[in-house]
Amino acid sequence: MSAFLHLSSELQESCKTIAEEVNKAGGRAVLVGGCVRDALLGLTPKDADIEVFGVNSDKLEEILRQKFKIIPIGKAFGVLKIKHLEIDVSIPRRESKIGLGHKGFKIEGDPKLSFAEAASRRDFTINAISWDPLTNETIDPFNGREDLQKKVLRHVSNKFEEDPLRVLRAMQIAARFELKVDPKTISLCQRIEPENLPKERIFGEWKKLITKGTVISTGLNFLKDCRWIQYYPELESLIGCEQDPQWHPEGDAWVHTLHCMDAFAHERINDEKEDLVVGLGVLCHDMGKPLTTFRDEDGHIRSPGHDIAGVPIAEKFLRGMTEEKTLIESVLVLVETHMRPAELYKTQSSNSAIRRLANKVGRVDRLIRVVSADMQGCPPKDNSAFFEGLKWFEKQGELLKIMDNAPKPILLGRHLIAMGLSPGSQFKKILTDCFEAQLDGQFGNLEEGLKYLKDYLKNHNIS
């Protein structure tokens, strides 16, 4: 392997320089972890981790400062970051479990560790591969390359269970690289409990699943197989939630959600913020079904109002992982409105109704992406008729120029002042009424708006 073929020229040059300088001092520097894995997969790593053997932390810092500006991250155990470059350099470390959770470890740097000892602390065999940029040697004590070729995700040792976050890492890595999790790893994960993992670490793994997962269903099914789905009851309740086979031949609400997530993954736009909002919207869109599903007199399975009922359920799920208020609100409105485009098409609703929906969701394009994934989540059903309705809705959004932003009020406070009014409590009602009229299509530009405002003030005897 020549990992340099998949590194940027700047990273390539810097990694080689570090390896050469360490070699002069009697040590050996190797690339480790995700950057090696990605290189083996033919991907281009955005960052690099280097592990230095045979040199203590003080000497390593001295070596690096001769060529680079560095930032000590964890000097006690020899972790240094190269300033302005995505490169972390460290000496091998021992980790001992001393407490609960992801941070409950005693970490000690030890440059005398063997490659196998150093790699044994890593999570998966595919992340325990090292590569020497000077000799082009691959060091693979746990047969990670073979697992990568067989597309298997396997833990390195039973120390894996000491860090509960690794279960969620398995979830997102399996989805990103389309890997089958080894049965022994699944069994090990079944014994692990979350141990009060911090929200930000939990959400970090879910974020990678949503924004990077190639086959997201693989990660979610792993969560089910290792029984960690119990810690996400809003998702667990989808399992076994029946759907009418006329509309959902694919199976229950869980299977439907898996298909939807894979469809979403195929249509990501590589805008992390937008993909995260939409992906979470797709994941949560049917959380209201278990609460609303019943069989009617004709034996049909129905879930009326599941869109509205799903909002507080989805909110509980999201708040269990993040406190990002804007993100949560953006997702919840997609859950609430994911049935609306079909309803608007069915009734051939007016531009006013479409503007009002756009004003509610903020970005129509997000809603369109959620609905698209929802429609694709029903194989082998042909949903071409529904896609016709979605295309109609998208066309209306484009014509009204509300695809990526909500309608903005044309009339503002300064226009009322220009009409001779003094700022006061009445401003809010006047501007609200004017905006409602704008959404109804009674005016569409400033000239028309000012005329409307003049008539409004006259009709309401306001001066």
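- Taking the six-membered ring wherever Trp is involved, the centroid distance between the rings of Trp206 and Tyr232 falls below 6.0 Å.
- Taking the side chain as every heavy atom from C-beta outward, Phe294 and Glu242 never approach each other to under 4.5 Å.
- A salt bridge between Asp123 and Arg169 is present, with a side-chain N of the basic residue lying under 4.0 Å from a carboxylate O of the acidic one.
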### Task
Starting from the C-alpha separation in whole Å, work towards a yes-or-no answer on ring-ring contact (aromatic ring centres under 6.0 Å, His included) for Phe124 and Phe160.
CA-CA 8 Å; Phe124 305 105; Phe160 177 92; 5.3 Å; yes
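- Counting only distance, with no hydrogens or angles, the side chain of Ser14 and the backbone of Leu11 share no donor-acceptor pair below 3.5 Å.
- Side-chain atoms of Arg154 do not come within 3.5 Å of backbone N or O of Pro183 as any donor-acceptor pair.
- Of all non-hydrogen atoms in Gly377 and Cys260, the two that sit nearest each other are CA-SG, 3.8 Å.
- Distance alone, capped at 3.5 Å, places no donor-acceptor pair between the Arg122 side chain and the Ala128 backbone.
- Panel note: side chain Glu117, backbone Ser114; a donor-acceptor pair is recorded below 3.5 Å.
- For Lys151, the NZ atom sits in a packed shell: over 12 heavy atoms of surrounding residues, nucleotides or ligands are nearer than 6.0 Å.
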### Query
What's the verdict on side chain to side chain contact (heavy atoms under 4.5 Å, CB included) for Glu343 and Thr347, showing C-alpha distance, side-chain angles and the deciding distance?
CA-CA 6 Å; Glu343 295 168 0; Thr347 59; 5.8 Å; no
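- Partner of His256 under the side-chain hydrogen bond (donor to acceptor under 3.5 Å, both in side chains) criterion, out of Glu250, Lys289, Gln243: Glu250 alone.
- Atom NZ of Lys207 has 12 or fewer neighbouring heavy atoms from other residues, nucleotides or ligands inside a 6.0 Å radius.
- Other residues, nucleotides and ligands place more than 12 heavy atoms under 6.0 Å from the CD atom of Gln190.
- Between the side chain of Asn143 and the main chain of Glu146, no donor-acceptor pair closer than 3.5 Å is present.
- Defined by atom type and a distance below 3.5 Å, a donor-acceptor pair is present between the side-chain atoms of Arg176 and Gln172.
- Defined by atom type and a distance below 3.5 Å, a donor-acceptor pair is present between the side-chain atoms of His300 and Asp244.
- Other residues, nucleotides and ligands contribute over 12 non-hydrogen atoms within 6.0 Å of the CD atom of Gln230.
- Judged purely by distance below 3.5 Å, without hydrogens or angles, the side chains of Asp382 and Ser384 pair a donor atom with an acceptor atom.
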### Task
Take Arg369 and Asp275 through the test side chain to side chain contact (heavy atoms under 4.5 Å, CB included) and record every step on the way to the result.
CA-CA 10 Å; Arg369 292 175 64 197; Asp275 284 336; 2.6 Å; yes
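- Atoms OG1 and CD1, on Thr125 and Ile129 in that order, are 7.0 Å from each other to the nearest 0.5 Å.
- The distance from atom CG of Asp163 to atom CD1 of Ile192, rounded to the nearest 0.5 Å, is 8.5 Å.
- Residue-environment remark: NZ (Lys199) exceeds the threshold of 12 foreign heavy atoms within 6.0 Å.
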### Message
Arg166 vs Glu205, test: side chain to side chain contact (heavy atoms under 4.5 Å, CB included). Steps then yes/no.
### Response
CA-CA 9 Å; Arg166 288 175 168 178; Glu205 302 305 322; over 6 Å; no
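- The backbone N or O of Glu51 sits nowhere less than 3.5 Å from a side-chain atom of Ser90 that would complete a donor-acceptor pair.
- Considering every non-hydrogen atom in both Thr257 and Leu238, the closest pair reads OG1-CD1, 3.6 Å.
- Between Leu179 and Thr218 the shortest heavy-atom distance is O-CG2, 3.5 Å.
- Arg268 places a side-chain N or O within donor-acceptor distance of the main-chain N or O of Thr211, the cut-off being under 3.5 Å.
- The environment of CZ in Arg227 is sparse: at most 12 heavy-atom neighbours from other residues, nucleotides or ligands sit within 6.0 Å.
- Nearest heavy-atom pair across Trp254 and Leu235 is CE3-O, 3.9 Å.
- Side chain of Asn383 to main chain of Phe386: no donor-acceptor pair is present (N/O by atom type, distance under 3.5 Å, no hydrogens or angles).
- Remark: Asp271 does not engage Lys273 in a salt bridge, criterion side-chain N to carboxylate O under 4.0 Å.
- Judged by distance alone, the side chains of Ser120 and Ser157 never bring a donor and an acceptor atom under 3.5 Å apart.
- Under a 3.5 Å cut-off, the side chain of Asp262 and the backbone N or O of Ile216 do form a donor-acceptor pair.
- The distance from atom CD of Gln438 to atom CG of Asp433, rounded to the nearest 0.5 Å, is 13.0 Å.
- In this structure, His306 has its ring center at least 6.0 angstrom away from the ring center of His285.
- Within 6.0 Å of the NZ atom in Lys381, the count of heavy atoms belonging to other residues, nucleotides or ligands exceeds 12.
- Judged by distance alone, with hydrogens and angles left aside, the side-chain atoms of Gln376 form a donor-acceptor pair with the main-chain N or O of Ser372 at under 3.5 Å.
- Of all the heavy atoms in Met261 and Gly279, the pair that sits closest is CE-O, 3.6 Å.
- Rounding to the nearest 0.5 Å gives a distance of 6.5 Å between CD1 of Ile354 and CD1 of Ile402.
- With a 4.5 Å cut-off on side-chain heavy atoms, Leu431 and Pro409 do not count as touching.
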### Test salt bridge (Lys or Arg N to Asp or Glu O under 4.0 Å) applied to Lys224 and Glu236, step by step
CA-CA 8 Å; Lys224 176 185 173 186; Glu236 186 180 30; over 6 Å; no
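- At a threshold of 4.0 Å, the pair Asp440-Arg356 counts as salt-bridged, since one of the basic side-chain nitrogens sits closer than that to a carboxylate oxygen.
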### Task
Dump the intermediate steps for side chain to side chain contact (heavy atoms under 4.5 Å, CB included) on Phe435 and Asn359, then the final yes or no.
CA-CA 11 Å; Phe435 187 48; Asn359 186 54; 3.6 Å; yes
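- Remark: Arg28 engages Asp132 in a salt bridge, criterion side-chain N to carboxylate O under 4.0 Å.
- The minimum heavy-atom distance between Val371 and Pro341, with the atom names listed, is CG2-CG, 3.9 Å.
- Side-chain contact check for Arg363 versus Met403: every heavy-atom pair is 4.5 Å or farther apart.
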### Query
Can you list the steps and then say if Lys46 with Glu86 is a salt bridge (Lys or Arg N to Asp or Glu O under 4.0 Å)?
CA-CA 7 Å; Lys46 295 181 179 179; Glu86 293 298 319; over 6 Å; no
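- For the atom pair Ile50 CD1 and Leu80 CG, the distance stands at 11.0 Å (nearest 0.5 Å).
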